[in-house]
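Below: the structure, in structure tokens.
Hydrogens, waters and symmetry mates are skipped; everything else that's a heavy atom, side chains included, is used. Just so you know, ligand 1 is whichever comes first in the structure, and atom 1 is the first atom listed for that ligand.
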Amino acid sequence: MKSSLIYLALVLCFGQVSLRVLVDSFPDKSSQIHAVLVGGGAGVATDYNDQANICHAYHVLINHGVLPENIVLMIYDDVAYAPENPFPGKLFNQPNGTDVYAGCIKDYTGNDVNPETFMKVLKGDKELAKKGKKVLTSGPDDHVFIYFSDHGSVGAIYFQQTALTSQDLNETLTYMHQNNMYGKLTFYLEACESGSMFENILSRNINIYAITSANPGEPGYATYCDVPGFPFCLSDEFSAAWMPDTEHHDITKETLETQYEHVVKKVASSHPQQYGDKSLANLVISQFQGTSKSQNLPKEPMDSFERINQRDEALHYWRRRLESASENEYNEVRLKLSSIIAGRRFYDMAIRRVIGQLCSAGYCKSVNSVLNTRSSLFNHKAYSMLVKKFESSCINLGVNTYGLQYMYAFANIIESKDHFKEDDLQLMMKILEEACSIFIVNHAFDAIV
Ligand SMILES: *[C@@H]1O[C@H](CO)[C@@H](O)[C@H](O)[C@H]1NC(C)=O
Ligand SMILES: *[C@@H]1O[C@H](CO)[C@@H](O)[C@H](O)[C@H]1NC(C)=O
């Protein structure tokens with residue numbers, strides 16, 4: 001009896017010792033890094049930088065020893081070979097940088113890059129795997145790194161076809177937790193208003209730590225927007241901060257917290273945020289981004305470059321195109337630019353009219369009261385349904401990205417205790433649909449960007 005007790009004590013003790021060793025020597029065979037890298041959108045004007053960010057991140061992970069078979073990469077991939085790309089088949093993520101498109105292995109491209117597929121990838125969907133498509137195969141001891149770069153609004157991030165709402169993302173992450181798909185998970189999110197994807201929704205006790213490029217109520221900024229020879233921006237401030245930070249420091253020593261602090265210091269135009277289980281920030285970066293040390297990589301550019309609101313990327317692109325337009329294309333480019341400006345003016349008016357209809361029906365006090373407030377989003381569930389209704393009945397915001405900046409108005413309406421009750425949602429969406437059919441649906445623009 002006594003000896004078996006001693007034995008038990010030894011087992012417990014050694015069990016603990018060996019567990020410690022396992023953690024310290026991470027990763028070993030039973031514990032690996034898996035990653036999902038996603039750029040949601042399409043088009044050189046607004047998504048050159050996002051697709052370059054994602055391919056760059058792929059190299060960052062590979063260079064630090066993450067196994068290629070453990071990385072799932074999704075980009076629309078319409079940019080590298082677009083006729084507007086001055087360097088066909090190449091993507092640059094910083095001035096005088098290396099071509100990040102070379103060796104960037106894409107698992108999903110074109111219309112396969114959508115929220116449904118992204119969520120299936122995260123959930124390790126068996127059907128998709130059966131079709132030979134790559135999905136997350138991580139287990140309970142693995143560390144998962146997710147990086148998304150694209151457009152955002154309050155409570156949603158956008159793919160070309162449709163939105164992924166905070167509610168959908170929360171359900172997906174919760175599923176991953178319940179199904180033991182990770183030991184620890186970090187999520188780096190580059191998008192406008194990206195804090196709103198996690199604020200008041202991401203649980204603090206499911207071993208997930210998230211960093212966002214912007215707080216819940218501000219746009220993110222693109223950077224390297226005036227590099228000679230490139231009419232578009234090469235990167236975004238947050239991405240152009242965290243990747244070089246990983247590349248130029250010893251990530252086997254630097255913690256996620258320190259990386260976050262470096263990023264906060266470097267990002268000048270927005271306010272990166274942290275969410276979820278912040279105790280994970282004490283771990284070293286190599287627990288998520290690869291275990292080998294950084295190599296000699298191109299220096300970060302020292303000059304300062306133009307930064308622009310991510311919401312103005314298309315405008316910026318066409319203005320730059322106009323500056324360098326040949327006589328032959330000048331009129332065409334000028335027309336394109338004026339049609340973008342006209343589309344914006346149209347939408348500014350149209351959205352006021354749509355909100356006006358909702359206010360007339362009693363869901364808000366006045367258009368100005370809705371547009372001049374910013375309530376933080378708590379009812380992610382109702383809002384998520386509204387976003388989907390808006391996309392199906394009003395306009396595709398993945399394509400018409402100018403509309404994203406107004407989505408906060410709908411969050412305000414849902415959060416207004418005086419005017420909105422959850423029971424009203426169905427009726428309100430009906431009124432929204434009617435208003436959109438009058439004021440938005442039949443617009444005459446190619447895309448409102
Ligand atoms: C988000 O997920 C967590 C569990 O991970 C859950 O407790 C919480 O209720 C969810 N939030 C919403 C708004 O559904
Ligand atoms: C890029 O390279 C060119 C030519 O080598 C040099 O003149 C320029 O200063 C470099 N720009 C940056 C940002 O390093």
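In this structure, atom 2 (O) of ligand 1 is in close contact with the protein, since a protein heavy atom lies within 4.0 Å of it. For atom 14 (O) of ligand 1, a protein heavy-atom neighbour is found at a distance under 4.0 Å.
Under the 3.5 Å distance criterion, with hydrogens and angles disregarded, a donor-acceptor pair is assigned to the side chains of Q289 and Q259.
The shell of residues lying under 4.0 angstrom from ligand 1, judged by heavy atoms, excludes E171.
Closest heavy-atom approach to atom 8 (C) of ligand 1 among the candidates N205, N200, N170, L169: N170.
For ligand 1, the atoms sitting less than 4.0 Å from at least one non-hydrogen atom of T174 are 2 (O), 3 (C), 4 (C), 5 (O), numbered in the order shown with element in parentheses. Taking every non-hydrogen atom of I206 and a distance limit under 4.0 Å, the qualifying atoms of ligand 1 come out as 5 (O).
Between Y224 and F305, the angle of the ring planes goes over 60°, which puts this pair in the perpendicular group of the 30/60° scheme.
A distance below 6.0 Å separates the ring centres of F410 and F390.
With respect to the salt-bridge test (charged N to carboxylate O, under 4.0 angstrom), the residues R344 and D312 qualify.
Judged as a side chain to side chain contact (heavy atoms under 4.5 Å, CB included), and not counting sequence neighbours, the contacts of Q357 are A435, F439.
Of all protein heavy atoms, the one lying nearest to atom 7 (O) of ligand 1 is S203 CB, 5.0 Å.
Under the ring pair (Phe, Tyr, Trp, His ring centres under 6.0 Å) test applied with F187, the options F198, F148, Y147, Y209 reduce to a single match, F198.
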